[in-house]
> 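Quick one: the structure is below, and I'll ask about it shortly.
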Amino acid sequence: MLQRPRGTADVLDPKEAERWQWLESTARRVCARAGFSEVRTPTFEATELFARTSGESSDVVQKEMYTFQDQGGRALTLRPESTASVVRAYQEAKLSGVHKFYYLQAHFRYERPQKGRLREHHQFGCEILGTDAPLADAELIGAAWTFLSEAGLGDLMVSLNSIGDPNCRPAYRQALQAYYRPHQAELCTDCQRRLEDNPLRLLDCKQDGCQALKTGAPKSRQYLCSACQEHFREVLRLLDQVGIRHQFDDLLVRGLDYYTRTVFAISHAALGAQSDVCGGGRYDQLSEAIGGEPLPGVGFGLGLERLLISLGESDRVAQPVRLYLAVTSEQMQGPALALAMELRRSGLTVEVELARRSLKAQFRRADKEGFSHVGVFGPDEMASGALTVRDLLAGKESRHPTTELANILRTGAPAL
RNA sequence: GUGGAUGUAGCUCAGAUGGUUAGAGCGCCAGGUUGUGGCCCUGGAGGCCGGGGGUUCAAGUCCCCUCAUUCACCCCA
């Protein structure tokens with residue numbers, strides 16, 4: 001039989017669907033309170049948008065994009081990330097001033113799948129555009145922090161670094177190259193290439209040989225110009241002030257070229273090698289890379305599949321009242337459905353048995369599927385306009401007029 | 001893209017050196033007498049052994065290819 005494409009996933013287990021909905025609504029709630037409004041950008045964009053912002057030499061652009069040509073010969077790409085799109089949209093709409101956006105969107109990268117890494121994955125992300133104030137960095141990181149806490153991820157720690165701006169980064173790159181050149185022979189093949197291509201990336205190589213060289217490598221912080229230094233110091237100070245646990249990590253660099261100054265990540269051990277659940281940073285020159293007016297910004301992206309893995313299987317959804325309406329015979333199914341619809345209209349969660357099975361089997365099923373109550377609807381009940389209700393947790397049973405059911409059950413007293 | 005592991009019932013897995021009707025546990029369905037769950041007992045359904053090709057008298061078992069999953073690398077959310 002035909003299967004779903006590699007690296008994609010279906011969500012059809014009701015429990016899992018509920019987890020997704022709960023997570024998404026948590027994100028929306030956190031954003032609404034902090035004044036972020038939702039932005040939705042096209043699923044595909046001009047290939048050039050990503051090529052120019054992420055960087056021609058980045059892995060994303062070199063080998064991970066889903067690129068195709070449409071009937072009109074346009075080169076298009078399924079978005080591998082959303083920041084470039086959001087900046088593009090801001091500029092295209094000729095907005096001005098500070099804007100705060102969030103998105104919940106699917107992203108596509110042609111990669112080899114493994115735990116916490118899919119070809120289509122979903123990210124919740126926030127962007128603050130139009131200001132380079134350190135306060136924006138702090139608020140943005142705060143949004144990710146608040147969201148993760150509310151989602152229930154414990155023991156959070158933000159790692160961050162500053163990788164400078166166009167004024168000071170060139171000097172740092174040169175310093176790195178100068179340091180590594182004499183050791184070139186000891187580097188892994190990837191790092192030999194990086195030495196010319198993208199020296200900053202030398203710092204997050206995990207090969208033993210390269211790892212050893214890192215300790216003596218020059219640190220970006222020592223090369224920051226005074227403006228970047230001041231900016232970073234202020235970001236750190238603000239994080240302290242708002243109570244966000246963080247640690248300075250001078251080996252942290254990001255894979256996308258558009259980052260400037262602040263870069264950060266939040267990781268979680270449950271994810272194995274894909275430990276970063278959230279990553280982001282500042283991108284003050286991105287807009288110009290796509291031919292726009294200067295527009296500073298900071299943003300983060302947070303992988304929802306990864307977060308769901310980190311959160312584990314825990315059922316954090318309180319069990320609400322759910323009534324399973326059982327019937328004593330097939331003849332009662334019609335009247336039972338009518339009753340179910342009436343009860344639903346008054347706000348109750350009610351399910352009726354669709355297959356023909358014995359009362360016993362209906363009870364068994366209600367129990368298995370975690371219903372809180374079973375209503376038995378038979379001739380006696382119908383004649384008296386009542387329903388026999390059994391509380392499955394308490395094991396108690398009683399009969400009530402159907403008109404009073406909604407109130408009795410909704411006010412929740414588990415024991416009737 | 002590179003390297004390793006895996007793929008047998010809905011799920012977790014057994015099936016030594018190839019040999020007759022492919023098994024278990026859990027789950028599912030039905031019963032254990034009158035309109036009632038969780039425990040227990042009995043019975044039942046359910047498997048092109050991921051797919052294709054090959055070797056052989058004979059393949060779930062051996063070989064090749066392919067698809068998928070998984071772990072690591074690369075990289076990233």
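We name chains A, B, ... by the order of the sequence lines, and we start the count at 1 in each one.
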> Going by ring centres under 5.5 Å and near-parallel planes (under 30°), is A:His107 stacked on B:rA77?
no
> Any side-chain to backbone donor/acceptor pair from A:Glu305 onto A:His122? Under 3.5 Å, distance only.
yes
> Quantified in whole Å, what is the P atom distance between nucleotide B:rC13 and nucleotide B:rG37?
34 Å
> To the nearest Å, give me how far apart CZ (A:Arg4) and P (B:rA68) are.
10 Å
> Heavy atoms only, 4.0 Å cut-off, all strands: where does A:Gly7 land among base, sugar-phosphate and nothing?
sugar-phosphate
> Which part of the nucleic acid, if any, lies within contact of A:Ala265, taking any heavy atom under 4.0 Å across all strands shown: a base, the sugar-phosphate backbone alone, or nothing?
nothing
> Does B:rG47 have a Watson-Crick or wobble mate here (both distances under 3.5 Å), and if so which one?
none
> With both distances under 3.5 Å as the test, what is the Watson-Crick or G-U wobble partner of B:rG27?
none
> In whole angstrom, give the distance that lies between atom CG of A:Leu118 and atom C1' of B:rA68.
14 Å
> Contact class for A:Glu305 vs. all strands (heavy atom < 4.0 Å): base, sugar-phosphate, or nothing?
nothing
> Across all strands shown, which nucleotide pairs with B:rC40 by Watson-Crick or G-U wobble geometry, both distances under 3.5 Å?
B:rG32
> Determine the minimum heavy-atom distance between A:Gly35 and A:Lys100, stating which atoms define it.
O-CB, 3.7 Å
> Once you round it to whole Å, what is the distance between C1' of B:rG1 and OH of A:Tyr66?
14 Å
> What is the separation between atom CE on A:Met65 and atom P on B:rG1, rounded to the nearest whole Å?
17 Å
> May I ask you to say what A:Leu304 touches in the nucleic acid, namely base, sugar-phosphate or nothing, with a heavy-atom cut-off under 4.0 Å?
nothing
> Within the side chain of A:Asp284, is there an N or O that forms a donor-acceptor pair under 3.5 Å with the backbone of A:Thr260?
no
> Using atom names, set out every protein N or O paired with an N or O of nucleotides 8-13 of chain B below 3.5 Å, distance rounded to 0.1 Å.
none

> Is there a side-chain polar atom (N or O) of A:Arg254 under 4.0 Å from OP1 or OP2 of B:rA77?
yes
> Under 4.0 Å between a side-chain N/O of A:Gln114 and OP1 or OP2 of B:rU69, yes or no?
no
> Which whole number of Å gives the distance between the C1' atom of B:rG54 and that of B:rG18?
15 Å
> In whole Å, what separates the P atom of B:rG51 from that of B:rC67?
15 Å
> Find the distance A:Glu111:CD to B:rC73:P and express it as a whole number of Å.
13 Å
> Going by side chain to side chain donor-acceptor pair (under 3.5 Å), name the residues that satisfy it together with A:Ser85, two or more places apart in sequence or in a different chain.
A:Glu45
> Taking atom P of B:rA77 as reference, at what distance in whole Å does atom CG of A:Leu252 sit?
11 Å
> Report the C-alpha separation of A:Gln114 and A:Arg117 in whole Å, then their side-chain angles, then the decisive distance to 0.1 Å, and conclude whether the side chain to side chain donor-acceptor pair (under 3.5 Å) test is met.
CA-CA 5 Å; A:Gln114 66 188 75; A:Arg117 182 163 72 194; 3.1 Å; yes
> Using the glycosidic torsion, which applies to B:rA30: syn (within 90° of 0) or anti (everything else)?
anti
> Would you kindly give the CZ-to-C1' distance between A:Arg6 and B:rG1, to the nearest whole Å?
11 Å
> Detail all sub-3.5 Å separations between protein N/O atoms and N/O atoms belonging to nucleotides 35-38 of chain B.
residue	atom	partner	partner atom	Å
B:rG35	O6	A:Asp380	OD2	2.6
B:rG35	N1	A:Glu381	OE1	3.0
B:rG35	N1	A:Glu381	OE2	3.0
B:rG35	N2	A:Glu381	OE2	2.9
B:rU36	O2	A:Glu397	OE1	3.3
B:rU36	N3	A:Glu397	OE1	2.8
B:rU36	N3	A:Glu397	OE2	2.9
B:rU36	O4	A:Glu397	OE2	2.3
B:rG37	O2'	A:Asp367	OD2	3.4
B:rG37	N7	A:Arg390	NE	3.2
B:rG37	N7	A:Arg390	NH2	3.1
B:rG37	O6	A:Arg390	NE	3.3
B:rG37	O6	A:Arg390	NH2	2.9
B:rG37	N1	A:Leu392	O	2.5
B:rG37	N2	A:Asp367	OD1	2.8
B:rG37	N2	A:Leu392	O	2.8
B:rG37	N3	A:Asp367	OD1	3.4
B:rG38	OP1	A:Arg364	NH1	3.3
B:rG38	O4'	A:Asp367	OD2	3.0

> Cation-pi between A:Arg119 and A:Tyr110: NZ/CZ under 6.0 Å from ring centre and within 45° of the ring axis?
yes
> Give, for atom OG of A:Ser58 and atom CG of A:Asp257, the distance between the pair rounded to the nearest 0.5 Å.
6.0 Å
> Measure distances between side-chain N and O atoms of A:Arg112 and base N and O atoms of B:rU2, and say whether any donor-acceptor pair falls under 3.5 Å.
yes
> Just by distance, do the side chain of A:His183 and the backbone of A:Arg181 share a donor-acceptor pair under 3.5 Å?
no
> If you measure from the C1' atom in B:rG47 to the same atom in B:rA9, how many Å do you get, rounded?
5 Å
> Between A:Gln3 and A:Gly116, which has a closest nucleotide on RNA chain B that is more 5'?
A:Gln3
> Could you identify the nucleotide paired to B:rG19, looking across every strand shown and requiring Watson-Crick or G-U wobble geometry with both distances under 3.5 Å?
B:rC57
> Can you name the nearest heavy-atom pair linking A:Arg282 to A:Ala133, along with the distance?
NH2-O, 3.5 Å
> I want to confirm an ordering. Mapping A:Ile266 and A:Tyr110 to their closest nucleotides on RNA chain B, which one lands closer to the 5' end?
A:Tyr110
> Mind checking who B:rA68 pairs with, Watson-Crick or G-U wobble, both distances under 3.5 Å?
B:rU6
> Roughly how many Å is it from CG in A:Leu202 to P in B:rC74, rounded to a whole number?
13 Å
> Applying a 4.0 Å non-hydrogen cut-off, can you work out what A:Arg357 is touching in the nucleic acid: base, sugar-phosphate, or nothing?
sugar-phosphate
> Roughly how many Å apart are B:rC64 and B:rG23, using the P atom of each and rounding to a whole number?
30 Å
> Run the side chain to side chain donor-acceptor pair (under 3.5 Å) check on A:Arg28 and A:Tyr102 step by step: do they pass?
CA-CA 8 Å; A:Arg28 292 182 193 283; A:Tyr102 78 90; 3.1 Å; yes
> Roughly how many Å apart are B:rG60 and B:rU17, using the C1' atom of each and rounding to a whole number?
16 Å
> May I ask you to decide if A:Ala289's main-chain N or O and A:Arg52's side chain share a donor-acceptor pair within less than 3.5 Å?
yes
> Give a yes or no on whether the backbone of A:Lys63 and the side-chain of A:Arg109 come within a donor-acceptor separation of less than 3.5 Å.
no
> Work out how far the P atom of B:rC28 is from that of B:rC39, and round it to whole angstrom.
10 Å
> Rounded to whole angstrom, note down the P distance from B:rU70 over to B:rU8.
14 Å
